[in-house]
J.: 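Quick one: this structure, given as structure tokens, is what I'll be asking you about.
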Amino acid sequence: MQRKDIGKMKINFNQLDRGYLKHKNEYDEAVITTLESGWYILGEQGQKFEKKFAEFIGAKYCVGLNSGLDALTLAFRALNIGTGDEVIVPANTYIASVIGITENGATPVFVEPDEYYNVDVDKIEEKITSKTKAILAVHLYGQAANLKRIKELTEKYNLYMIEDCAQSHGAKFEDRTTGTWGDIGCFSFYPTKNLGAFGDSGAIVTDNEGIYEKIKMLRNYGSKVKYHNEILGVNSRLDEIQAALLLVKLSHYCEIRKERASIAERYITRIKNKNIVLPQIRNRAEHVWHLFIVQTENRDRLQKYLLDNGIVTQIHYPIPPHLSQAYKYLGYKEGDFPITEHLANTIISLPLYEGMTEEEIDYIIETINKY
Ligand SMILES: *Cc1c(COP(=O)(O)O)cnc(C)c1O
């Protein structure tokens, strides 16, 4: 159109159809086969996915659910954590981590992050009281939290450990996959997640047969046998079409993961701008690059500059849970978690997704280096 637009690209924050188109035939076939099967909820596809996903994570059991939030909510419920109980949770996280706790009537107790944006394990112990029942470890942005230290604390104080793995499919700490360190691992397959479905869905994994049986009942109105409702449950069932689609995606997850890692590596080695702080990788922790977060003092200015150059970015997350309107009743105010609040004002997420072209990646790098 205009001369100054020559050489300018338009890059969305996500472009989910790219991943679909790469294996279109397989996804299409999975849907059609399921439609033709005449069985749409709690069937063969769901069972097959649960088995494959448990194998992939290295857990004994998996239960497919409606969403990542349901995974968290039902995890606390299965452990009888509720009113009067406290759960330690990172202050720097997505609000769903906290809702899983408060949905059960329990109280979230926030802990500031470390330089890797995950919970600062040196600040957990001072928050443990006689009411503390569990620690929720969140592996934010795709990088495992320091699970060894968290595990030591849960053993010392006899607490449960639940893991929010909504952003960390397949990431490891030392030689164990996230989701297998705690009592229950909670996953989301929301479309933008690394292992994303084509609608809402989630799952829990566990090695504990009792927990497995209980969550299987909870997701289906509290019944094992139809119309025999033993406990009060909900409707949170992974449907057959999503399960069939997830089976296809899981079969390609190895390549998806490599692709995300290579984009991240390109950003890390080639972004050179003294105003931009790149993400750090923790020793012994694996990063699966759900999000590529950089930090900069004048964040809104950078975001506008990138947008003016056609690059859409996002903030994960602009308002920490303790300052959200929804949690006003907890009584927190600005300044209570200064590290988290500073992050909320200085972080920005760059596009990183399946099917990005080299041209797009390089354009983003060059544009940032010129900032
Ligand atoms: C996405 C997400 C969830 C919730 O998953 P849904 O499937 O959207 O319910 C929970 N925790 C974290 C950290 C997430 O990123």
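Ligands are counted one by one from 1 in listed order, and the atoms in each one are counted from 1 as well.
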J.: Among all protein non-hydrogen atoms, which one is nearest to atom 2 (C) of ligand 1, and what is the separation to 0.1 Å?
T.: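 Heavy-atom neighbour on the protein nearest atom 2 (C) of ligand 1: K193 NZ, 2.6 Å.
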J.: Are Y141 and H316, when compared by the centres of their aromatic rings, separated by less than 6.0 Å?
T.: no
J.: What do you reckon, is NZ of K193 surrounded by more than 12 foreign heavy atoms closer than 6.0 Å?
T.: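 For K193, atom NZ is crowded (more than 12 foreign heavy atoms under 6.0 Å).
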J.: Check each atom of ligand 1 against the heavy atoms of S67 and keep those under 4.0 Å away; list them by number with element.
T.: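 Once the distances to S67 are compared, the set is 7 (O), 9 (O).
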J.: Do ligand 1 and T93 have nitrogen or oxygen atoms that lie under 3.5 Å from each other?
T.: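 Looking only at distances, the answer is no, because the N/O contact criterion of under 3.5 Å is not met.
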J.: Looking at atom 13 (C) of ligand 1, what's its closest protein heavy atom, distance included?
T.: D164 OD2, 3.4 Å
J.: Check whether K214 reaches the backbone of L79 with its side chain - one donor and one acceptor, N or O, closer than 3.5 Å.
T.: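 Absent.
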J.: In terms of residue, atom name and distance, what is the protein heavy atom nearest to atom 10 (C) of ligand 1?
T.: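 For atom 10 (C) of ligand 1, the nearest protein heavy atom is A96 CB, 3.4 Å.
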J.: Is the NZ or CZ atom of R260 positioned over W289's six-membered ring, under 6.0 angstrom from the centre and within 45° of the axis?
T.: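 Output no; distance or angle outside limits.
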J.: With a heavy-atom distance limit of 4.0 Å, tell me whether L69 approaches ligand 1 through its side chain, its backbone, both, or neither.
T.: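 Both backbone and side chain of L69 come within 4.0 Å of ligand 1.
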J.: Rounded to the nearest 0.5 Å, what's the gap from OG1 on T206 to CD1 on I211? Could you check?
T.: 4.0 Å
J.: Under 4.0 Å from a heavy atom of A166: which atoms of ligand 1 are those, numbered in the order shown and with their elements?
T.: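 Atoms satisfying the 4.0 Å criterion: 2 (C), 3 (C), 10 (C), 11 (N), 12 (C), 14 (C), 15 (O).
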J.: With heavy atoms of G68 as the reference, note each atom of ligand 1 found under 4.0 Å away.
T.: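 Matching atoms, with element in brackets: 5 (O), 6 (P), 7 (O), 9 (O).
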J.: Give the residue and atom name of whichever protein heavy atom lies nearest to atom 15 (O) of ligand 1, and the separation in Å to one decimal.
T.: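 Answer, as residue, atom name and distance: Q167 NE2, 2.7 Å.
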J.: Going by distance alone, is a donor N or O of one side chain under 3.5 Å from an acceptor N or O of the other, for Y212 and K216?
T.: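 Yes, a side-chain donor-acceptor pair sits under 3.5 Å.
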J.: Would you give the length of the straight line joining atom CG of N12 to atom OH of Y353, rounded to the nearest 0.5 angstrom?
T.: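 The CG atom of N12 sits 6.0 Å away from the OH atom of Y353.
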